[in-house]
Amino acid sequence: MTGRIFTCDHRVYDLPELLSWEVVHTGTVPCDSYSVTFLYDKSMAEALRLAAGFAAIDRGTTMLRATVDEYAVELGAGGLTAAVAGRGYAARLLDNESRPLTYQEATLAEIVRCHVTPYGITAGEVADVRADSVYTVPAGVSQWRALEGFCRTYGGFSPRFSRDGKLLAAPERDSGRRLSIGEGDPVLSCTLREDHYGVLTEALVIDKTRNAYYSVKNEDMIRRGGQCRRVIYTPGQSTWDAMRYTGEYQIRRSKEDERTVTVRLPGSFLAFPGDRVDLRLDRMGLSGTFRVAEAASTFSAERGAAAALTLKGG
C-alpha cells in the first residue's frame, strides 16, 4: 500500500515505503481511521507540518480518503521514523458544531447543503427525503448529528461515507459483494460475542409540543428478561408515523450490536462495510450470512498482512 498526503497549500507527496500500516473501514461513526509508519528524513518536515489530507492507495485504487490528525517523528532503536494518523471524512462533521436552527419542511438536499457542503465534502448520493414537520437542530450538536438526526427521523437510515470520501446520504444497499469463509480457509482467529448491554426493550418517543407519545417494544428481549428503556424527544409537530419509525429505528439499531463475530484472515482489504459474508465454522457452531460492519486491514514487516472483519447479523 502507498500512503499519500495532501498539504493545506495543495501540494501532493507520496510517503516512503511504509514499514507498517492499519486502515479501518466503518463507513460511518465511529469514523474510518488509519495509521502509517515509515522512515523519516528531515526534508519531509515541511510537508508533514502542512499535511491536511491523506489517501491510502492499494494497487492503483483509493482505499481511504481521510484527514491528518497527527504526526510524530521518533529517533529510537529502529532508526529515525515517522508516523501519521487520522480519521475519515466524517470527522469533519463531528469536529464542527452547528448553530441552533429550525427548518420548516426541509429536504435532505437542503440539510446537506447547509451542514455538509461547507466542510469540503462532496455528496455521492442524496436520497429524496422531505420532512413533513418542523426539524430542529438543537444548540451544541455537531454537523454530523444535524445530518444524521434528519436521515434517521425522516428517512429511516444513517448516512455513511464511501472509501473515496464521498457522502452517501441514502439507504444502504447490498453491495453485491459476498465472501465465503469456511473450515478450509486459513482463519487466524475467530471470536463470537453476544452482549445484551444496551439492547433496548422499549423506546418511548415523546412529542412535547403536542403532549403525545408512542411506545415501541422489543418483545424478544423482554421475554429474555431484559429491561432497558430509552426516552426520545422528537421535534414539535411530529407525525405518528415519524414517531413510530423513530422508536422502531432505535430498537433496531440497539439490536445490531447484540451478536458480533470477529474473524481474522491473512491478506488485506478482503471486504468492506456493507459486504456479505457466508460463514460456516462448525467447530464454533457458527453458520449463516453476516453483514460486514467494520473491516480492519493491517501490515507489518514482521507479521505480514491480515484483515479483521467485524460481522453482525446472521
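Note that the structure is predicted; figures quoted are calculated from it, not measured. Keep in mind that the numbers below use all heavy atoms, side chains included, and drop hydrogens, waters and symmetry copies.
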Please determine whether side-chain hydrogen bond (donor to acceptor under 3.5 Å, both in side chains) holds for the pair Asn218 and Thr201, giving the CA-CA distance in whole Å, both sets of side-chain angles, and the decisive distance to 0.1 Å. CA-CA 5 Å; Asn218 180 356; Thr201 53; over 6 Å; no
Are the side chains of [Y] and [X] in contact, using a 4.5 Å heavy-atom criterion?
X: Ile222; Y: Lys217; result: yes
X: Leu93; Y: Tyr119; result: yes
X: Arg259; Y: Leu192; result: yes
X: Thr26; Y: Arg160; result: no
X: Met1; Y: Leu18; result: yes
X: Trp144; Y: Pro159; result: yes
X: Thr122; Y: Leu167; result: no
X: Arg276; Y: Arg291; result: yes

Answer yes if [X] and [Y] sit in the same cluster of Ile, Leu, Val, Met, Phe, Trp and Tyr residues linked by side chain heavy atoms under 4.5 Å apart, and no otherwise.
X: Val129; Y: Leu101; value: yes
X: Val84; Y: Tyr40; value: yes
X: Phe157; Y: Val126; value: yes
X: Met63; Y: Val68; value: yes
X: Met44; Y: Leu50; value: no

[X]: which residues meet the salt bridge (charged side-chain N to carboxylate O under 4.0 Å, His left out) condition with it, sequence neighbours left out?
X: Asp185; value: none
X: Arg11; value: Asp9
X: Arg193; value: Asp195

Roughly how far apart are [X] [atom1] and [Y] [atom2], rounded to 0.5 Å?
X: Leu15; Y: Phe38; atom1: CG; atom2: CZ; result: 4.5 Å
X: Asp282; Y: Ser287; atom1: CG; atom2: OG; result: 7.0 Å
X: Phe150; Y: Leu108; atom1: CZ; atom2: CG; result: 6.0 Å
X: Ser142; Y: Leu94; atom1: OG; atom2: CG; result: 5.0 Å
X: Leu265; Y: Leu188; atom1: CG; atom2: CG; result: 6.5 Å
X: Leu179; Y: Leu309; atom1: CG; atom2: CG; result: 7.0 Å

Do the charged groups of [X] and [Y] touch, with an N to O distance under 4.0 Å?
X: Glu219; Y: Arg223; value: no
X: Glu105; Y: Arg130; value: no
X: Glu194; Y: Arg224; value: yes
X: Arg4; Y: Asp14; value: yes

Apart from Met221 itself, what residues make up its hydrophobic cluster when side-chain heavy atoms of I, L, V, M, F, W and Y under 4.5 Å apart count as a link, directly or indirectly?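 Reading the cluster by chain and number, Met221 sits alongside Val199.
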Each residue besides Leu19 in its hydrophobic cluster should be listed here, by chain and number; the cluster joins Ile, Leu, Val, Met, Phe, Trp and Tyr at side-chain heavy-atom distances under 4.5 Å.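 Result for Leu19 is Leu39.
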Under the salt bridge (charged side-chain N to carboxylate O under 4.0 Å, His left out) rule, what pairs show up with a residue in [range], not counting sequence neighbours?
range: residues 21-38; value: none
range: residues 43-61; value: Glu46-Arg49
range: residues 69-78; value: Asp69-Arg87

Is there a donor-acceptor pair closer than 3.5 Å between any side-chain N or O of Thr136 and the backbone N or O of Pro138?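 Side chain of Thr136 to backbone of Pro138: no pair is present.
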Checking Arg92 side chain against Gly120 main chain: does a donor-acceptor pair fall under 3.5 Å?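 At least one qualifying donor-acceptor pair exists.
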Tell me, with the steps shown, if Glu202 and Val216 meet side-chain contact (heavy atoms from CB on, under 4.5 Å). CA-CA 6 Å; Glu202 180 185 10; Val216 181; over 6 Å; no
Is there a salt bridge (charged side-chain N to carboxylate O under 4.0 Å, His left out) between Glu183 and Arg280 once you walk through the steps? CA-CA 7 Å; Glu183 292 287 357; Arg280 184 180 181 88; over 6 Å; no
Could you walk me through whether Lys166 and Ile121 pass the side-chain contact (heavy atoms from CB on, under 4.5 Å) check? CA-CA 7 Å; Lys166 292 182 180 179; Ile121 294 172; over 6 Å; no
Residues forming a side chain to side chain contact (heavy atoms under 4.5 Å, CB included) with [X], sequence neighbours excluded:
X: Pro30; value: none
X: Glu17; value: none
X: Ala170; value: Glu125, Ala127

Glu110-Tyr103 side chain donor-acceptor pair, cut-off 3.5 Å: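 Tyr103 and Glu110 do not have a side-chain donor-acceptor pair below 3.5 Å.
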Can you confirm whether the side chains of Thr81 and Thr37 place a donor and an acceptor under 3.5 Å from each other?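 No, because no side-chain N or O of Thr81 sits under 3.5 Å from a partner of the opposite role on Thr37.
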For atom CD of Gln227, decide whether the heavy atoms of other residues, nucleotides or ligands shown that lie under 6.0 angstrom number more than 12.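 Atom CD in Gln227 is not crowded, with 12 or fewer foreign heavy atoms closer than 6.0 Å.
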Quick one: sort the Tyr135 and Tyr154 rings into parallel, tilted or perpendicular, breaks at 30° and 60°.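 Correct class here is perpendicular.
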Angle between ring planes, His25 versus Phe272, binned at 30° and 60°: parallel, tilted or perpendicular?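 Rings of His25 and Phe272: perpendicular, as their planes differ by over 60°.
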Considering all heavy atoms, the nearest Leu281-Cys190 contact: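 Heavy atoms of Leu281 and Cys190 come nearest at CD1-SG, 3.7 Å.
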Can you tell me which residue pairs pass the ring pair (Phe, Tyr, Trp, His ring centres under 6.0 Å) test with a partner in residues 44-86, sequence neighbours excluded?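 Found Tyr34-Phe54.
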Which residue is it: Thr191, Ile181, Val277, Leu286? I am looking for the one with a side-chain contact (heavy atoms from CB on, under 4.5 Å) to Val261.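 Of all the options given, the one that passes is Leu286.
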side-chain contact (heavy atoms from CB on, under 4.5 Å), that's the test. Do Trp21 and Ser297 meet it? Break it down for me. CA-CA 8 Å; Trp21 51 264; Ser297 295; 3.8 Å; yes
Given Val292 and Thr310, is the side-chain contact (heavy atoms from CB on, under 4.5 Å) satisfied, shown in steps? CA-CA 6 Å; Val292 178; Thr310 301; over 6 Å; no
